Undergrad: 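One structure, pasted below without further comment.
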Amino acid sequence: MTTPHLAAKPGDIADIVLLPGDPLRAKLIAERFFDNPQCYNEVRGMYGFTGSYKGRRVSVQGTGMGIPSISIYAHELMATYGAKTLVRVGTCGAIQAQVGLRDLVVAQAASTDSSLISTRFKGMSFAPTADFDLLRRAWQSAVSRGFNVHVGNVLSTDTFYDEEPDAWKLWARYNVLALEMEAAGLYTLAARHGARALAVLMVSDSLVTHQKLSPDERQTGFVDMVTAALDAAIAE
Ligand code: HPA
């Protein structure tokens with residue numbers, strides 16, 4: 001059986017799945033890191049590949065941007081294909097002065113301005129939380145690779161172009177480290193499906209200093225980050 005958005009056959013997808021937002025990054029990760037990568041999905045250009053990394057079968061699946069998009073892929077991966085370990089690898093915008101470009105933010109928790117999760121919980125607040133084991137392994141692996149690593153709360157926002165340019169400052173006052181657009185959706189669904197989830201994010205820009213990485217810096221930093229995320233994901 002396939003799903004509306006994934007053309008994979010049962011068994012085509014590993015129980016460990018890396019989740020970049022950009023499908024071309026999924027292709028890059030498969031080509032760069034996997035032995036014998038097989039493409040199992042091209043529906044909507046949202047590439048998915050399975051291969052092996054250090055002898056362990058792993059998959060990588062593009063998710064698109066935002067909680068609605070990642071929720072579709074995460075649901076189908078867990079409910080139909082049996083994914084059990086899901087690690088988002090993406091970029092984020094820093095909203096604290098001490099969080100610099102190319103640093104890593106490991107999202108221990110993910111707040112959100114999205115109504116999707118509060119609607120699911122009838123207006124009450126669920127606290128989307130990372131899996132502790134994945135979190136500690138990713139932190140260890142990233143520190144040992146020389147990254148400056150911050151662990152804490154991120155904001156999964158629905159709005160990239162906010163009409164109010166200072167809207168992020170409310171979250172910054174509550175020690176939220178960075179903005180991204182998917183982790184809260186992933187963590188919530190993983191909890192529902194009894195799976196483990198984590199988001200590892202490289203800082204690509206800063207709302208505090210208005211600096212941003214060049215495309216080249218983004219690419220090399222991203223590849224280094226993926227190594228840390230993969231090592232955390234495959235650890236027994
Ligand atoms: N906002 C939301 N998501 C992001 C940003 C941002 O500034 N930078 C990278 N991902």
Side-chain angles (χ1 to χ4, degrees), residues 18-26 28-29 46 60-74 86-118 128 130 135 138 142 147-189 197-226 228-229:
L18 239 60
L19 300 169
D22 177 352
L24 291 179
R25 287 239 167 94
L28 172 91
I29 290 168
M46 202 58 87
V60 60
Q61 173 63 54
T63 66
M65 291 177 283
I67 292 177
S69 188
I70 197 172
S71 296
I72 289 169
Y73 293 100
L86 298 95
V87 180
R88 164 164 155 67
V89 280
T91 56
C92 64
I95 60 171
Q96 300 291 341
Q98 80 277 14
V99 179
L101 292 187
R102 208 183 175 280
D103 288 1
L104 291 198
V105 174
V106 181
Q108 181 178 21
S111 303
T112 185
D113 56 16
S114 172
S115 60
L116 268 176
I117 297 166
S118 57
L135 175 83
F147 274 107
N148 217 356
V149 190
H150 309 267
V151 178
N153 205 347
V154 300
L155 175 70
S156 301
T157 180
D158 273 356
T159 312
F160 190 87
Y161 296 107
D162 207 305
E163 236 184 301
E164 232 189 279
D166 288 343
W168 58 272
K169 290 184 178 168
L170 169 63
W171 302 93
R173 284 197 293 276
Y174 287 79
N175 202 30
V176 170
L177 302 175
L179 309 183
E180 57 87 64
M181 302 187 76
E182 295 84 14
L186 175 64
Y187 288 2
T188 303
L189 286 181
L198 179 68
V200 184
L201 308 159
M202 184 185 64
V203 178
S204 60
D205 55 277
S206 168
L207 284 84
V208 181
T209 63
H210 305 287
Q211 296 171 300
K212 60 171 172 239
L213 292 182
S214 69
D216 265 9
E217 291 169 323
R218 264 176 104 115
Q219 196 78 340
T220 48
F222 191 82
V223 167
D224 290 346
M225 172 178 71
V226 167

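The structure presented is a predicted model; accordingly, all values stated were derived computationally and were not measured. Each ligand, and each atom within it, is numbered from 1 in the order the structure gives. Just so you know, these numbers use all the heavy atoms, side chains as well, and skip hydrogens, waters and symmetry mates.
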Undergrad: Any donor-acceptor pair under 3.5 Å linking the side chain of Asn175 with the backbone of Asn153?
TA: no
Undergrad: Looking at Gln98 and His150, what are the two nearest heavy atoms and their distance?
TA: O-CE1, 3.2 Å
Undergrad: Please check if the side chain of Gln108 supplies one atom and the backbone of Ala130 the other of a donor-acceptor pair under 3.5 Å.
TA: no
Undergrad: Which heavy atom of the protein is the closest neighbour of atom 10 (N) of ligand 1, given with residue, atom name and distance?
TA: Thr91 O, 3.6 Å
Undergrad: Starting from atom 4 (C) of ligand 1, what is the nearest protein heavy atom, named by residue and atom, and what distance separates them?
TA: Leu179 O, 3.6 Å
Undergrad: Looking at Gly93, which atoms of ligand 1 are within less than 4.0 Å of one of its heavy atoms?
TA: 5 (C), 8 (N), 9 (C)
Undergrad: Answer yes or no: is there a donor N or O on one side and an acceptor on the other, between the side chain of Glu217 and the main chain of Lys212, under 3.5 Å?
TA: no
Undergrad: Among protein heavy atoms, which sits nearest to atom 6 (C) of ligand 1, and what does the distance come to when rounded to 0.1 Å?
TA: Phe160 CE1, 3.9 Å
Undergrad: Give a yes or no answer on whether the side chain of Ser111 reaches the backbone of Leu155 with a donor-acceptor pair at less than 3.5 Å.
TA: no
Undergrad: Taking both backbone and side-chain atoms of Asp205, is any N or O found less than 3.5 Å from an N or O belonging to ligand 1?
TA: yes
Undergrad: Should we count CG of Asp166 as having more than 12 external heavy atoms under 6.0 Å?
TA: yes
Undergrad: Which of the atoms in ligand 1, numbered in the order shown and given with their element, are less than 4.0 Å from a heavy-atom of Met181?
TA: 2 (C), 3 (N)
Undergrad: Enumerate the atoms of ligand 1 whose separation from the nearest heavy atom of Leu207 is less than 4.0 angstrom.
TA: 7 (O)
